[in-house]
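The structure under discussion appears below in the form of structure tokens.
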Number of protein chains: 2
Amino acid sequence: MSSKCEQCIIRQFNSLKALTKDELLRISGCKTSKFIKKGEIIFEEGETLNGVYCVKDGICKLSKLSANGKDQIVKLVVKGDLLGQRSLISDESVNLSAVALNDMEVCFIPKVEIFGNLKNNSDFSMDVLKQMAHDLKESDNVIVNMAQKSVKQRLAEALLYIHKNFGVNKDGILNVVLSREDYASVVGTATESAIRVLSQFKKEGLISTTGKQIKLEDLEGLKRIE
Amino acid sequence: MSSKCEQCIIRQFNSLKALTKDELLRISGCKTSKFIKKGEIIFEEGETLNGVYCVKDGICKLSKLSANGKDQIVKLVVKGDLLGQRSLISDESVNLSAVALNDMEVCFIPKVEIFGNLKNNSDFSMDVLKQMAHDLKESDNVIVNMAQKSVKQRLAEALLYIHKNFGVNKDGILNVVLSREDYASVVGTATESAIRVLSQFKKEGLISTTGKQIKLEDLEGLKRIE
DNA sequence: ATTTAGATATGATAATTGTCATGTTTTGTT
DNA sequence: AACAAAACATGACAATTATCATATCTAAAT
């Protein structure tokens, strides 16, 4: 019993908003809904996808295994994002692995539907194109940051990024809860280094922590990190 | 007196190949041809573009100024590539600066033409989409490399990348000639570090140099760098 | 041919980051 | 509650990379 895409609010946050009522009805008919538990793998590097996932709830990480055996987290995915678009479009195997950081709810939309709409609805394809263009810009900016900034700067920016894009709960604690290892993997450093920098931020009053939970105490201070 | 796009071979290498004869004729009518000297700026970060550049000849670098004042080269552009697509599509100012590394010849195609074709020719928009999807994958891979690999590894890979994608002349010398500063800027390190690593490669017989010209002497050796 | 600015090269040293060892805390399981 | 496993934390040290100083080489301009 799948609910109706026409009434799904999530769709407003991604390219599916450009679809017509008829197109949405068709998708409603063939999509499948899935619940994914924290830590579960949605797909893995090298797999072939036969559709895209629309994230209804929860957060996941997109990562790639480096030659040295360490995982690099390339992106964090919010509610509303589409997963697997890129691989679908270029008709290649998936380049990144997706792992749930929370319990998630996703809808799987088959490839044929997406391609049909890309071909026939230029509003939709234009929106997908815009989304990709935006992602590409973000990626280029990440490259520059990785290449030019220190671990301390990158970690400060990662915290600010999560704060801005995923928000905080009523107590001011970041909605995304990452392990220290995951932070290291976002920033591209050793786990111990990430731990050390977070400890330093704590000492300096820039953040406070309760277990894995992190609260940003001084946004301006974090922005000033050099 | 602009030559005809219909007869331009370059177009086979980019998304313009998906255009119809009529569409190409229209572009022929409104495009402008430009010669750009080595070192000249094609466009700079923050500018607004009113079209895309189709690279007919020559090579250029796309770079971004980091907060620390250093340039990071994000991509090298070959003959056949389109410049400025991304910014045009997302309707934002340009994120990267483009500077000629050679004497170049480019054609400028106005925004309206591109958008018209994106809207009306789904083969064209699909091809642009594919190109962007491919670029996005490449960018993600670069992020992983920047984050996880050493300067030595990154420089070896940069040399191999240039070898593979831009080729060599009759003497086996890389077709792309970069200054040591540019190499540092590709790899994301200090100029002195880039120089040192290149010197080391030379000592180890992996490369040979004559001034700025570099020849790869041992491809397999470079691939094995750790 | 000489000058000169810029690029290349290398040494010395400092700063950053990674690795290994080890201890503590947290978490989940029986 | 007791235990084991995992995550977190920190010290000591090694490796990598950046910075500063200075020397040499190259290429362009006079």
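Note on naming: letters A, B, ... go to the chains in the order of the sequence lines (proteins, then strands), and numbering restarts at 1 for each one. Just so you know, these numbers come straight off a predicted model, no measurement behind them.
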Check the distance between [N]'s [atom2] and [X]'s [atom1] and give it to me in whole angstrom.
X: Leu178(A); N: dC8(D); atom1: CG; atom2: P; result: 10 Å
X: Phe201(A); N: dT10(D); atom1: CZ; atom2: P; result: 15 Å
X: Tyr183(B); N: dA7(C); atom1: OH; atom2: P; result: 16 Å
X: Lys149(A); N: dA18(D); atom1: NZ; atom2: P; result: 16 Å
X: Lys37(B); N: dA28(D); atom1: NZ; atom2: C1'; result: 16 Å
X: Glu181(B); N: dT19(D); atom1: CD; atom2: P; result: 13 Å

Val78(A) side chain reached by Val55(A) side chain, heavy atoms, under 4.5 Å
no
Answer yes if the side chains of Asn68(A) and Lys149(B) hold a donor-acceptor pair under 3.5 Å, and no otherwise.
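The criterion, which ignores hydrogens and geometry beyond distance, is not satisfied for Lys149(B) and Asn68(A).
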Describe the nucleic acid contact of Lys70(A) in one word from base, sugar-phosphate, nothing, applying a heavy-atom distance below 4.0 Å.
sugar-phosphate
Could you pick out which residue, Thr189(B) or Lys212(A), lies toward the 5' side of DNA chain D when each is mapped onto its nearest nucleotide?
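Looking at DNA chain D, the more 5' nearest nucleotide goes with Lys212(A).
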side-chain hydrogen bond (donor to acceptor under 3.5 Å, both in side chains) contacts in which one or both residues fall within residues 50-63 of chain B, not counting sequence neighbours:
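Of all non-adjacent pairs touching residues 50-63 of chain B, those that pass side-chain hydrogen bond (donor to acceptor under 3.5 Å, both in side chains) are Lys61(B)-Asp182(B).
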Looking at Asp81(B), is its backbone amide N or carbonyl O close enough to the side chain of Asn14(B) to form a donor-acceptor pair, meaning the two atoms are under 3.5 Å apart?
no
Restricting both atoms to N or O, compile the protein contacts to nucleotides 9-16 of chain C shorter than 3.5 Å, with distance only.
residue	atom	partner	partner atom	Å
dA9(C)	OP2	Arg180(B)	NE	2.9
dA9(C)	OP2	Arg180(B)	NH2	3.4
dT10(C)	OP2	Ser199(B)	OG	3.0
dG11(C)	N7	Arg196(B)	NH1	3.0
dG11(C)	O6	Arg196(B)	NH2	2.9
dA12(C)	N6	Arg196(B)	NH2	3.4

Are the charged groups of Lys223(B) and Glu220(B) less than 4.0 angstrom apart, N to O?
yes
Is the phosphate of dT17(C) approached by Ser193(A) (side-chain N or O, under 4.0 Å from OP1 or OP2)?
no
Closest non-hydrogen atom pair, Gly211(B) against Arg180(B)
O-NH2, 3.6 Å
